[in-house]
Amino acid sequence: MDEQPRLMHSHAGVGMAGHPGLPQHMQEGTGGTDGDGRKQDIGDILQQIMTITDQSLDEAQARKHALNCHRMKPALFNVLCEIKEKTVLSIRGAQEEEPPDPQLMRLDNMLLAEGVSGPEKGGGSAAAAAAAAASGGAGADNSAEHSDYRAKLSQIRQIYHTELEKYEQACNEFTTHVMNLLREQSRTRPISPKEIERMVSIIHRKFSSIQMQLKQSTCEAVMILRSRFLDARRKRRNFNKQATEILNEYFYSHLSNPYPSEEAKEELAKKCSITVAQVSNWFGNKRIRYKKNIGKFQEEANMYAARTAVSATNASAHGSQANSPSTPNSAVLLLQLQK
DNA sequence: ATTAATGATTAGGA
DNA sequence: TCCTAATCATTAAT
């Protein structure tokens with residue numbers, strides 16, 4: 001019972017400001033007897049609240065309007081917002097600052113590099129040009145394939161953009177809708193602009209995660225397309241017979257050291273009308289495959305050795321003792337031993 | 001339909 | 001950087 005007067009004091013403090021809008025008896029309590037009068041006032045207010053459902057709709061509306069127009073209303077609203085802000089912030093103030101998602105950045109960079117998300121036409125052609133350069137100038141036959149590739153890429157690009165736009169639009173629509181709703185509600189319950197802002201950012205986060213999924217699947221599609229069209233392994237053509245002969249000739253005549261110099265590679269590349277890189281690939285493959293199974297290549301080795309021997313003897317002393325290709329000559333045996 | 005051959009790519013080492 | 005070794009993906013042969 002001694003608790004009561006103290007609690008009442010704080011309430012009375014608000015009431016004692018003497019607003020014209022407050023019920024008459026509440027102001028009367030200030031001057032009169034201390035304890036009993038206020039208890040009476042509280043009882044009245046409670047009574048009013050209990051019977052509020054009995055009031056007519058118009059009456060309630062009028063009361064609400066009066067409350068909204070009250071000159072202390074903005075201040076009270078701010079106080080409530082502040083209190084709410086504090087509690088909300090204390091609940092989840094930690095996860096406010098979000099660093100830019102590295103995953104998303106990776107996807108963005110890749111889409112940009114592939115010319116999907118870049119400027120309208122320039123990016124695509126640049127990527128195609130880079131791809132053409134990377135595939136090696138094996139001939140003029142790949143222009144058709146590249147146009148096919150470009151067509152598919154632009155298809156992906158178009159889908160990506162329309163989807164992205166759809167998401168963007170949906171996000172904006174939803175955001176404005178929510179904002180309007182919140183603004184409307186902020187007339188009747190404490191919602192600060194900051195809170196609306198936070199809500200908007202939450203919505204944006206949700207939508208951007210959806211966008212990330214779109215980016216992810218677009219990246220996958222591009223990767224598949226790339227491997228489908230741009231991987232040189234997929235459109236491999238065997239070298240022509242003549243080129244293979246030239247390469248084998250060099251290989252077997254340098255069997256003790258089958259590592260052509262840069263100049264030798266260039267020469268071979270020119271003679272075979274392939275690139276230096278292809279020459280290097282060929283020698284790399286040949287060396288390892290020869291080493292792995294010398295027996296299998298024995299016949300081939302004999303053949304080329306014999307051929308060079310024949311051409312050599314023919315060239316030097318127009319001789320007529322033709323070596324049969326099936327009989328290994330001394331040069332071959334020598335080379336085998338050295339290896 | 002399988003299998004071998006072959007050109008290209010990749011990881012990892014000196 | 002160039003090499004080896006393993007592997008991939010296609011072509012040629014069976």
Side-chain angles (χ1 to χ4, degrees), chain A residues 103 106-107 109-111 113-116 126-153 155-156 216 219-308 325-326 328 332 335-339:
Chain A
Q103 171 93 4
R106 211 171 48 92
L107 289 176
N109 285 339
M110 186 188 148
L111 288 174
E114 295 298 332
V116 174
S135 76
D141 68 306
N142 49 16
S143 67
E145 289 177 39
H146 278 143
S147 76
D148 200 2
Y149 169 80
R150 216 154 2 174
K152 290 247 161 60
L153 188 69
Q155 203 176 326
I156 290 175
Q216 180 105 48
C219 272
E220 273 168 32
V222 170
M223 290 311 271
I224 289 167
L225 188 70
R226 265 188 88 85
S227 70
R228 193 84 179 70
F229 281 85
L230 266 32
D231 187 345
R233 281 179 292 199
R234 288 195 183 268
K235 47 182 199 294
R236 178 177 70 76
R237 292 289 113 89
N238 288 355
F239 299 151
N240 63 41
K241 195 113 183 156
Q242 198 184 347
T244 313
E245 297 243 323
I246 292 166
L247 293 167
N248 271 318
E249 221 163 83
Y250 187 98
F251 180 78
Y252 286 111
S253 61
H254 299 76
L255 203 50
S256 59
N257 185 32
Y259 295 89
S261 64
E262 190 59 33
E263 297 85 56
K265 279 183 192 170
E266 275 166 28
E267 173 115 15
L268 285 166
K270 199 154 69 171
K271 273 203 264 187
C272 302
S273 49
I274 58 178
T275 66
V276 173
Q278 285 178 303
V279 172
S280 296
N281 282 341
W282 191 91
F283 273 89
N285 282 322
K286 191 73 184 181
R287 279 192 298 265
I288 190 67
R289 282 162 185 166
Y290 179 83
K291 198 183 88 175
K292 248 180 163 172
N293 191 353
I294 293 175
K296 197 172 74 182
F297 289 92
Q298 193 65 64
E299 207 176 324
E300 193 178 70
N302 293 340
M303 196 180 83
Y304 279 101
R307 190 178 303 181
T308 54
S326 59
V332 175
L335 289 168
Q336 300 302 313
L337 285 172
Q338 282 177 345
K339 193 70 187 168

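For the numbers below, each heavy atom of this structure counts, side chains included, while hydrogens, waters and symmetry mates do not. Note on naming: letters A, B, ... go to the chains in the order of the sequence lines (proteins, then strands), and numbering restarts at 1 for each one. A quick note: this is a predicted structure, and the numbers were derived from the prediction, not measured.
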Side chain of [X] only, please: which of [options] is the nearest?
X        : options              : answer
A:Lys296 : B:dG7, C:dT4, B:dA5  : B:dA5
A:Tyr259 : B:dA8, C:dT4, B:dT6  : C:dT4
A:Ile288 : C:dT10, B:dG7, C:dA5 : C:dA5

Notebook entry, point to check: Looking at A:Phe251 versus A:Tyr290, is the centre-to-centre ring distance below 6.0 Å?
Noted result: yes
Regarding [X], tell me which of base, sugar-phosphate or nothing describes its non-hydrogen contacts under 4.0 Å with the strands shown.
X        : value
A:Lys265 : sugar-phosphate
A:Asn238 : sugar-phosphate
A:Arg287 : sugar-phosphate

Notebook entry, point to check: Is there a donor in the side chain of A:Arg287 and an acceptor in the side chain of A:Asn285, or the other way round, less than 3.5 Å apart?
Noted result: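 Not at all, the side chains of A:Arg287 and A:Asn285 share no donor-acceptor pair under 3.5 Å.
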Next item on the list: Can you see which heavy atom on A:Phe297 is nearest to which on A:Lys286, and at what distance?
Entry: CE2-NZ, 3.6 Å
Next item on the list: Identify, between A:Lys292 and A:Arg236, the residue whose nearest nucleotide on DNA chain C lies closer to the 5' end.
Entry: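 Between the two, 5'-proximity favours A:Lys292.
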Check: Hey, which of these two, A:Arg289 or A:Ser280, hits DNA chain C nearer its 5' end, going by closest nucleotide?
Finding: A:Ser280
Checklist line | Rounded distance (Å) that lies between atom P of C:dA6 and atom CG of A:Asn281 | finding: 17 Å
